[in-house]
Amino acid sequence: MKYKTMNKSEFIRAIAEKSGNSQAETKRFLEALTATVEETLAKGDKITLVGFGTWDVQQTKARTGRNPQTGAVLKIKAKKKVRFKAGSELAGNISKK
């Protein structure tokens with residue numbers, strides 16, 4: 001199965017067509033959306049859009065790993081990572097297609 005990756009301009013164009021807004025308006029909206037998500041997660045808060053999904057931040061612990069080429073032991077630092085979990089409606093709609 002071959003997958004296509006939609007880039008930002010294609011995403012903006014698709015949203016603009018579905019919403020009836022201009023691409024410039026849609027771009028401003030998308031930038032506001034991403035900035036809001038980023039600011040909210042940076043504060044440590046969670047975002048839940050019922051049916052669509054949830055974004056949150058997880059703290060990973062420091063751990064040791066191995067370089068797969070050399071086998072050398074590496075120290076992997078603790079970090080925060082963003083997690084998105086699809087909501088039941090989104091997951092159900094995707095699995096139907």
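Using a 4.5 Å heavy-atom cutoff, the side chains of L49 and W55 are in contact. Side chains of K8 and L30 form a contact here, defined as non-hydrogen atoms less than 4.5 Å apart. Within the 4.5 Å cutoff, the side chain of I47 has no heavy atoms near those of the T54 side chain. A 4.5 Å side-chain heavy-atom check between E31 and K27 finds at least one atom pair inside the cut-off.
Checked by atom type and distance alone, the side chain of D45 never pairs as donor or acceptor with a backbone atom of L41 at under 3.5 Å. At least one donor-acceptor pair closer than 3.5 Å links the side chain of T70 to the backbone N or O of A72. E25 places a side-chain N or O within 3.5 Å of a backbone atom of S22 that can act as its donor or acceptor partner.
Follow the hydrophobic side-chain contacts under 4.5 Å out from F29 and you never reach F52; the two are in separate clusters. Under the 4.5 Å side-chain heavy-atom criterion for ILVMFWY residues, no single connected hydrophobic cluster contains both I94 and V50.
Crowding of F11 atom CZ: a count of heavy atoms from other residues, nucleotides or ligands under 6.0 Å not exceeding 12. Within a 6.0 Å radius of CD in Q23, more than 12 heavy atoms belonging to other residues, nucleotides or ligands are found.
Taking every heavy atom of both residues into account, G51 and E89 meet most closely at O-CB, 3.2 Å. Scanning all heavy atoms of the two residues, the minimum distance from G71 to R66 falls at O-NH1, 2.8 Å.
Of the charged side-chain nitrogens involved, at least one lies within less than 4.0 Å of a carboxylate oxygen, so that E10 and K4 count as a salt-bridged pair.
For the atom pair L74 CG and R63 CZ, the distance stands at 10.5 Å (nearest 0.5 Å). The CD1 atom of I15 lies 12.0 Å from the CZ atom of R13; values are rounded to the nearest 0.5 Å.
Applying side chain to side chain contact (heavy atoms under 4.5 Å, CB included) to I12 and the options T26, N7, N21 leaves one that passes, T26. The only member of R83, K85, K81, K46 that meets side-chain hydrogen bond (donor to acceptor under 3.5 Å, both in side chains) when paired with D56 is R83.
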